[in-house]
Amino acid sequence: LVLLAAYVGYLGLGAVVLQALERPAEVQAAQNLLREHWELLANHTCLQGPALQRLIEGIIQAYKSGITLQGNTTSLGRWDYSGSFFFSISAITTIGYGNLSPSTAVGRIFCIVFALFGIPLNLVVLNEIGHLMLLGVQHCACRLEEVFHWQNKASFLMKTCALVTGLLLFLLLPPLLFSDKEGWSYEEGFYYSFITLSTIGFGDYVIGMNPDRTYPSWYKNVVSLWILFGMAWLALVIKFCINILE
């Protein structure tokens with residue numbers, strides 16, 4: 001009962017803080033949108049409200065499907081091979097950004113079957129990668145104990161090195177790549193890194209989706225590998241935090 005009360009209280013605290021931080025910005029954005037809507041109708045009297053609303057809804061639906069207007073043409077590319085591969089890994093890792101989803105009935109059925117077998121496969125792979133990481137840390141600790149005759153110091157040193165190395169490779173350095181390729185700030189890249197590797201996957205930031213930028217062919221493949229190994233590392237860190245809480 002105490003644990004359940006702490007759990008509900010933690011959620012309630014998060015809700016209060018988020019409401020205080022985000023609600024004013026939401027209200028302001030809604031007011032700005034409504035004002036621009038009426039200004040557009042007032043300045044262009046040939047436009048009709050219902051027609052404009054249908055156009056807006058069509059643009060939103062097209063954007064969700066990965067189609068954007070570029071002058072007199074449209075941009076495609078979210079469902080090319082690299083985009084489809086990135087969607088596959090976001091599905092079986094349960095990140096589920098939500099910015100892209102199958103629009104056909106056959107595609108949705110395939111996605112269900114694909115995830116049904118892919119999610120357990122992903123968990124097995126992540127478990128093996130995490131196990132190998134732990135073995136590597138333990139092996140290095142044993143070597144240090146043999147060479148320098150350290151006892152507890154070797155284990156603590158190697159765990160610290162593994163934590164710092166993981167922070168650099170999976171959380172601190174990747175935002176620099178995202179800043180270069182996506183034009184994000186470092187804070188936005190760091191936010192995307194943690195939200196992705198923790199499988200929260202809000203979908204407000206997703207790589208390779210800006211139609212005004214040209215991405216190298218290796219970009220999404222490298223990010224996919226980063227997701228795989230980064231999730232395994234972060235899972236070990238979260239497991240360590242769970243042991244502390246318990």
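Keep in mind that the numbers below use all heavy atoms, side chains included, and drop hydrogens, waters and symmetry copies.
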Looking at OG of S198 and CE of M231, how far apart are the two atoms once the value is rounded to the nearest 0.5 Å? 9.0 Å

Donor-acceptor list for residues 239-246 side chains, cut-off 3.5 Å, not counting sequence neighbours:
| residue | atom | partner | partner atom | Å |
| --- | --- | --- | --- | --- |
| N243 | ND2 | K239 | O | 3.3 |

Mind running side chain to side chain contact (heavy atoms under 4.5 Å, CB included) on Y191 and F202 for me, showing each step along the way? CA-CA 11 Å; Y191 168 80; F202 288 125; 3.3 Å; yes

Please give me the minimum heavy-atom distance between G130 and A232, naming the atom from each residue. N-CB, 4.1 Å

Report the residue from D204, V206, I207 that forms a side-chain contact (heavy atoms from CB on, under 4.5 Å) with Y97. V206

Could you check E188 against F178 for side chain to side chain contact (heavy atoms under 4.5 Å, CB included), going step by step and ending with a plain yes or no? CA-CA 9 Å; E188 290 171 329; F178 301 140; over 6 Å; no

Side-chain contact test, heavy atoms from C-beta onward, threshold under 4.5 Å: evaluate it for L236 versus L134 and give yes or no. yes

Which pairs would a plain distance check flag for residues 13-20, meaning a side-chain donor or acceptor within less than 3.5 Å of a matching protein atom at least two apart in sequence or in another chain?
none

Please verify the inter-ring angle class for Y192 with W226; under 30° counts as parallel, over 60° as perpendicular, anything in between as tilted. parallel

Any heavy-atom pair between the side chains of F85 and S224 that's under 4.5 Å? yes

Separation between CZ (F190) and CD1 (I195), nearest 0.5 Å, reads 10.0 Å

Please report the closest heavy-atom contact between I95 and I227, naming both atoms and the distance. CD1-CG2, 3.8 Å

In the structure I gave you, are the side-chain heavy atoms of Y219 and F86 within less than 4.5 Å of one another anywhere? no

Should H139 and L135 be marked as a side chain to side chain contact (heavy atoms under 4.5 Å, CB included) after you check the CA-CA gap, both sets of side-chain angles, and the distance that decides it? CA-CA 6 Å; H139 177 73; L135 286 179; over 6 Å; no

Same cluster or not: are M133 and L234 linked, directly or through other Ile, Leu, Val, Met, Phe, Trp or Tyr residues, by side-chain heavy atoms under 4.5 angstrom apart? yes

Non-hydrogen side-chain atoms of Y186 and L172 separated by less than 4.5 Å: yes

Kindly indicate, with the supporting measurements, whether the criterion side chain to side chain contact (heavy atoms under 4.5 Å, CB included) is fulfilled by I119 and T94. CA-CA 7 Å; I119 291 174; T94 69; 3.9 Å; yes

Starting at CG of L116, measure out to CD1 of I92 and round the result to the nearest 0.5 Å. 12.5 Å

Please determine whether the number of non-hydrogen atoms from other residues, nucleotides or ligands lying under 6.0 Å from atom CH2 of W38 exceeds 12. no

Considering all heavy atoms of both residues, which atom of K181 and which atom of R213 are nearest to each other, and what is their separation? O-CD, 3.2 Å

Among the clusters formed by ILVMFWY side chains lying less than 4.5 Å apart, do I238 and L126 turn up in the same one? yes

Given the rule that I, L, V, M, F, W and Y join up when any side-chain heavy atoms are under 4.5 Å apart, are F87 and V106 in one cluster? no

Applying the 4.5 Å side-chain criterion to the ILVMFWY set and letting contacts propagate, would L173 and F170 be lumped into a single cluster? yes

Locate the shortest heavy-atom distance separating A115 from P120; write the atom from each residue and the value. O-CD, 4.1 Å

Of the non-hydrogen atoms in Y205 and W184, which two are nearest, and what is the gap between them? CD2-CE2, 3.7 Å

Backbone of E182 reached by a side-chain donor or acceptor of Y215 within 3.5 Å: no

Residue pairs passing the salt bridge (charged side-chain N to carboxylate O under 4.0 Å, His left out) test with at least one member in residues 23-42, sequence neighbours excluded, are R23-E26, R35-E39

Distance check, rounded to the nearest 0.5 Å: N122 atom CG versus T199 atom OG1? 9.5 Å

In short, W233 meets A162 closest at the heavy-atom pair NE1-O, 3.6 Å

Separation of L228 CG from T93 OG1 (nearest 0.5 Å): 9.0 Å

Is a donor on one side and an acceptor on the other found under 3.5 Å between the side chain of N32 and the backbone of Q28? yes

Verify the cluster assignment for L169 and V164: are they in a single hydrophobic cluster under the rule of side-chain heavy atoms below 4.5 Å apart? yes

Is any side-chain heavy atom of L171 less than 4.5 Å from a side-chain heavy atom of L197? yes

